[in-house]
2 protein chains.
Amino acid sequence: MFDLGRFLPYLLNRAGARIATAFGGDVARYGVTLQMWRVLAALWHSGAQRLGDLAELTSIEVSTLSRLVGGMEAKGLVTRVRSDQDARVVTIDLTDDGRETTRRIIPLALHYEAVALDGLTGAEAEQLKELLRRVYANMAKLDEAERLSVGG
Amino acid sequence: MFDLGRFLPYLLNRAGARIATAFGGDVARYGVTLQMWRVLAALWHSGAQRLGDLAELTSIEVSTLSRLVGGMEAKGLVTRVRSDQDARVVTIDLTDDGRETTRRIIPLALHYEAVALDGLTGAEAEQLKELLRRVYANMAKLDEAERLSVGG
DNA sequence: TATTGTTATACTCTATAACTATA
DNA sequence: TATAGTTATAGAGTATAACAATA
């Protein structure tokens with residue numbers, strides 16, 4: 001009637017928690033936390049971002065991210081620049097140091113991914129990722145629907 | 001060279017964060033937090049558990065769980081009983097109230113799972129869950145290997 | 001008035017370690 | 001000595017709301 005071992009949110013949380021703990025412990029050796037790595041990876045992949053978009057990309061709350069980025073700025077990993085066109089907007093970008101730190105962490109990240117996917121065929125790995133993207137899209141749709149119903 | 005959109009830990013965290021935020025906001029209406037729900041669901045599914053096993057089942061740190069269970073005991077959701085055979089061991093179990101609360105939340109949980117899996121075929125959903133189980137097993141194996149190498 | 005980001009607050013979670021009591 | 005659980009502490013994250021600056 002309710003089988004935890006077949007319950008998607010449980011399986012998702014359980015696998016995610018394991019990877020986060022293992023990888024998070026390891027990136028500490030590079031002087032960054034797991035959340036900082038997420039910011040670095042998002043900026044590396046998508047280029048300079050405004051704070052709101054970076055929050056969306058990293059799944060980190062805006063207020064948390066604002067302080068996190070402040071700390072990363074103090075560490076010299078990122079820059080924070082006010083836009084000329086719209087002075088409300090702040091654009092975050094990697095510094096050379098931030099880029100170098102990210103470059104060094106990437107192999108470690110790929111190693112953990114390889115461990116997580118050990119024993120899966122390439123097709124299975126791709127299938128897993130595709131299904132996770134669809135799950136995410138479903139939840140994002142729900143969020144948007146809620147925002148509209150609250151707003152209207 | 002590093003595509004975040006195809007990086008498993010990222011996709012896992014992103015999907016998990018969305019579900020956790022959405023579902024966590026909703027279970028609050030039943031007077032419990034998301035972590036409390038995880039404890040309730042684990043006890044419902046697996047029966048009475050000692051604290052250490054419950055921590056493993058829920059992916060919640062032992063020290064966090066100890067205080068969490070204390071709060072749930074105060075709310076009348078669970079009992080904490082010292083073992084007769086081994087007085088170090090504490091067994092946590094649902095109270096009738098805890099069981100009733102869990103029973104009422106389960107349909108909500110299944111609803112969120114259905115939303116997350118919307119548009120996926122039954123076979124795809126099963127495949128996703130199976131692959132998540134394998135990813136978890138891979139990470140658990142890694143953890144165990146590390147524990148042995150540190151211990152020995 | 002709405003938007004973007006910052007700051008403040010209170011609460012929760014984690015990680016670590018010290019501690020108690022058992023075994 | 002090792003194990004099971006509790007408690008203490010400091011550091012991070014979250015949620016909420018108040019706030020400043022700008023549009």
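Letters A, B, ... mirror the listed sequences (proteins, then strands); counts begin at 1. Hydrogens, waters and symmetry mates are skipped; everything else that's a heavy atom, side chains included, is used.
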task: Could you tell me which residues satisfy ring pair (Phe, Tyr, Trp, His ring centres under 6.0 Å) with F23(A), sequence neighbours excluded, listed by chain and number?
output: W37(A), Y112(A)

message: Minimum heavy-atom separation for L120(A) and L131(B), please, with both atom names.
response: CD2-CD2, 3.6 Å

statement: Sequence neighbours excluded, the answer for salt bridge (Lys or Arg N to Asp or Glu O under 4.0 Å) partners of D3(A) is R6(A)

query: Where along residues 80-90 of chain B does a heavy atom come under 4.0 Å from DNA chain D, residue by residue in number order?
result: R80(B), R88(B), V89(B), V90(B)

- prompt: Under the ring pair (Phe, Tyr, Trp, His ring centres under 6.0 Å) rule, what pairs show up with a residue in residues 52-101 of chain B, not counting sequence neighbours?
  reply: none

task: Treating Ile, Leu, Val, Met, Phe, Trp and Tyr as nodes and any side-chain heavy-atom pair under 4.5 angstrom as an edge, say whether Y136(B) and L4(A) lie in one connected cluster.
output: no

task: Nearest whole angstrom, please: distance from the P of dC13(C) to the CD of Q35(A).
output: 15 Å

Closest approach of N138(B) to L117(A) (non-hydrogen atoms, all atoms of both residues): ND2-C, 3.9 Å

message: At a heavy-atom distance below 4.0 Å, what parts of residues 59-72 of chain A sit against DNA chain D?
response: I60(A), E61(A), S63(A), T64(A), R67(A)

field: Partners meeting salt bridge (Lys or Arg N to Asp or Glu O under 4.0 Å) with E126(B) (sequence neighbours left out)
entry: none

query: How about L132(B) and L12(A): do any of their side-chain heavy atoms sit closer than 4.5 Å?
result: yes

- line: In short, the helix from dT1(C)-dA23(D) to dA23(C)-dT1(D) is bent end to end, axes from five pairs each side, to 10°, by 10°

query: Do L110(A) and V32(A) share a hydrophobic cluster (ILVMFWY, side-chain heavy atoms under 4.5 Å, transitive)?
result: yes

task: List in chain and number order the residues that pass salt bridge (Lys or Arg N to Asp or Glu O under 4.0 Å) with D118(A), two or more places apart in sequence or in another chain; answer none if no residue qualifies.
output: none

- request: Please work out which residues in residues 36-52 of chain B have a non-hydrogen atom less than 4.0 Å from an atom of DNA chain D and list them by number.
  value: R50(B), L51(B), G52(B)

Listed partners of R67(B) passing salt bridge (Lys or Arg N to Asp or Glu O under 4.0 Å), at least two apart: none

message: Using a 4.0 Å cut-off to any heavy atom of chain A, which nucleotides of DNA chain D are the first and last in contact, reading 5' to 3'?
response: dG13(D) to dA23(D)

message: Can you pull out every salt bridge (charged side-chain N to carboxylate O under 4.0 Å, His left out) where at least one residue sits in residues 25-44 of chain B? Sequence neighbours excluded, please.
response: D26(B)-R29(B)

- request: For residues L51(A) and L65(A), report the shortest heavy-atom separation together with the two atoms involved.
  value: O-CD2, 3.6 Å

task: Give a yes or no on whether L77(A) and I106(A) share a hydrophobic cluster (residues Ile, Leu, Val, Met, Phe, Trp, Tyr; joining criterion: side-chain heavy atoms under 4.5 Å apart).
output: yes

- request: Please report the closest heavy-atom contact between D93(A) and A48(A), naming both atoms and the distance.
  value: CG-CB, 3.6 Å

